[in-house]
Amino acid sequence: MSIVSALAVFIAGLLLGALACYLAVRSRATPPPPSTDLAPVTHALERLAGQLDDMDEDRAVAYSALASQVQAITRTSTRLSDRTDQLLSALRSPHTRGRWGEMQLQRVVELGGMLEHCDFDVQSTAFVDGTRVRPDMIIRLSHGRSIVVDAKVPFSSYLDALNTDDPEEKEAYLRRHAHLLRQHVDTLSAKAYIDAFQPTPEFVVMFVPADPFLDSGLSIDPELLDYAFSRDVVIATPTTLFALLRTVALGWRYEAINDKAKEVQRLGAELYQRLGTMGEHYNRVGRSLEKAVEAFNASAASMDSRVMVTARKLNEMGIPARTTRGRAPELHHVSASPRHAAEETRD
């Protein structure tokens, strides 16, 4: 029993030592308990909550402003749609359409710096063979030249094409629009504008108030411009009208320069002819002076040999009175001769 008891005590000592070692190691490996101070976290959460509240308030204000702007845009769009419908309805009237084209034309030329009754006239009337013609505008250029402009272009079919969503119907309206443009070219070509307002270029300007009107016509009828040129009609839009006017004015300016050059040539030829005539007159004067010099020398020689000899003899005899001025003077011949104009030119 003593051996068993000793063994039991030994085993119990080993167990107690192992337990003591385990508890010592665990006490060193276990971290200290966390701090229980949560004040910084609470402060950060409160600050975050405040920022979220401010963001909500700003978002509400911005949403309210955006809503008011959207409402204003909606009202403006509605009014614009109504005005557009009214404009389209008004432009369907031929009188209103023609008046709008005239206003567009006048506005374009006024933006270019032209003044009414100085640089252009509207609705001018003229008569040709008892027929009255009245274009929409006569543009005055330099040297009394004029350009005739018509602004009554039909485009009601183009407006109809804008109001339809059917592709076939839209294509039909555009074909009619191109046909009306070609028909208006024939109408202008038949009028006697060129004969009524001279001097003017050999063409009439057909003013199209907007570029899309012409573009849509050309998309259907690409030969429309060539067709108009062949009938002395030039189609112009607001973007091409000024280029056309400046080109015509520049051409007339060059023509005026050519006329002045021809006049300078004529005056130069006339001056050259007159200088030749004047040279002939000077030559005749020179020949007359030569004859006068020859006559003078002959007269001096005759006087020296016939008269002054006797005078010298009387002087040698002491005949001259006290009132005389001494011996008789000697007569000198003239040796210089006049120069001819041709000789001076060669020199």
Where the side chain of [X] meets the backbone of [Y], is there a donor-acceptor pair that is under 3.5 Å apart?
{"X": "S288", "Y": "R284", "result": "yes"}
{"X": "S299", "Y": "F296", "result": "no"}
{"X": "H184", "Y": "P154", "result": "no"}
{"X": "T164", "Y": "D160", "result": "no"}
{"X": "S189", "Y": "D186", "result": "no"}

[X] side chain near [Y] side chain, heavy-atom distance below 4.5 Å:
{"X": "V148", "Y": "I138", "answer": "yes"}
{"X": "R182", "Y": "D221", "answer": "yes"}
{"X": "T74", "Y": "V70", "answer": "yes"}
{"X": "T76", "Y": "I73", "answer": "no"}
{"X": "V205", "Y": "D150", "answer": "no"}

| said: side-chain contact (heavy atoms from CB on, under 4.5 Å) for H177 and L180? Distances and angles first, verdict last. | reply: CA-CA 5 Å; H177 174 65; L180 291 177; 5.6 Å; no
| message | Apply side-chain contact (heavy atoms from CB on, under 4.5 Å) to residues H281 and V285 and explain how you reach the verdict. | response | CA-CA 6 Å; H281 291 330; V285 172; 5.6 Å; no
| request: Evaluate the side-chain contact (heavy atoms from CB on, under 4.5 Å) criterion for residues V233 and F203: first the C-alpha distance (whole Å), next the side-chain angles of each, then the deciding distance (0.1 Å), finally the verdict. | output: CA-CA 5 Å; V233 176; F203 61 83; over 6 Å; no
| request: Would you kindly confirm whether F207 and M137 end up in one hydrophobic cluster when ILVMFWY residues are joined by side chain heavy atoms under 4.5 Å apart? | output: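 Yes, F207 connects to M137 through the hydrophobic network.
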| query | Do you reckon F213 sits in the same ILVMFWY cluster as Y173, going by side-chain contacts under 4.5 Å, direct or chained? | reply |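 Hydrophobic grouping puts F213 apart from Y173.
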Output the distance between atom [atom1] ([X]) and atom [atom2] ([Y]), rounded to the nearest 0.5 Å.
{"X": "L188", "Y": "Q183", "atom1": "CG", "atom2": "CD", "result": "11.5 Å"}
{"X": "I235", "Y": "Y227", "atom1": "CD1", "atom2": "OH", "result": "10.5 Å"}
{"X": "E280", "Y": "L275", "atom1": "CD", "atom2": "CG", "result": "11.5 Å"}
{"X": "L289", "Y": "R287", "atom1": "CG", "atom2": "CZ", "result": "11.0 Å"}
{"X": "I220", "Y": "D215", "atom1": "CD1", "atom2": "CG", "result": "12.0 Å"}
{"X": "M278", "Y": "L271", "atom1": "CE", "atom2": "CG", "result": "9.0 Å"}

| query | Does atom CD of E223 have more than 12 heavy-atom neighbours, drawn from other residues, nucleotides or ligands, at distances under 6.0 Å? | reply |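 No, not enclosed.
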| message | With a sphere of 6.0 Å drawn around CZ of R176, does it hold more than 12 non-hydrogen atoms of other residues, nucleotides or ligands? | response |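 No, the 6.0 Å shell around CZ holds no more than 12 heavy atoms from other groups.
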| request: Establish, from distance only, whether the side-chain atoms of R47 and H43 form a donor-acceptor pair under 3.5 Å. | output: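 Checked: R47/H43 side chains pair up, N/O donor to acceptor below 3.5 Å.
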| field | Residue pair S219 / S216, side-chain donor-acceptor N/O under 3.5 Å | value |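 Absent: no donor and acceptor within the cut-off.
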Mind listing the closest non-hydrogen atom pair of [X] and [Y] along with its distance?
{"X": "L214", "Y": "V208", "answer": "N-CG1, 4.0 Å"}
{"X": "A161", "Y": "L174", "answer": "CB-CD2, 3.9 Å"}
{"X": "L181", "Y": "G217", "answer": "CD1-CA, 4.1 Å"}
{"X": "P209", "Y": "P238", "answer": "O-CG, 3.3 Å"}

| What pairs meet the side-chain hydrogen bond (donor to acceptor under 3.5 Å, both in side chains) rule with one or both residues in residues 52-66, with sequence neighbours excluded? |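 Non-adjacent pairs meeting side-chain hydrogen bond (donor to acceptor under 3.5 Å, both in side chains): zero.
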| task | Could you check K260 against E263 for salt bridge (Lys or Arg N to Asp or Glu O under 4.0 Å), going step by step and ending with a plain yes or no? | result | CA-CA 5 Å; K260 291 181 180 179; E263 182 66 16; over 6 Å; no
| field | Derivation and outcome, side-chain contact (heavy atoms from CB on, under 4.5 Å), residues N297 and V293 | value | CA-CA 6 Å; N297 289 337; V293 169; 3.6 Å; yes
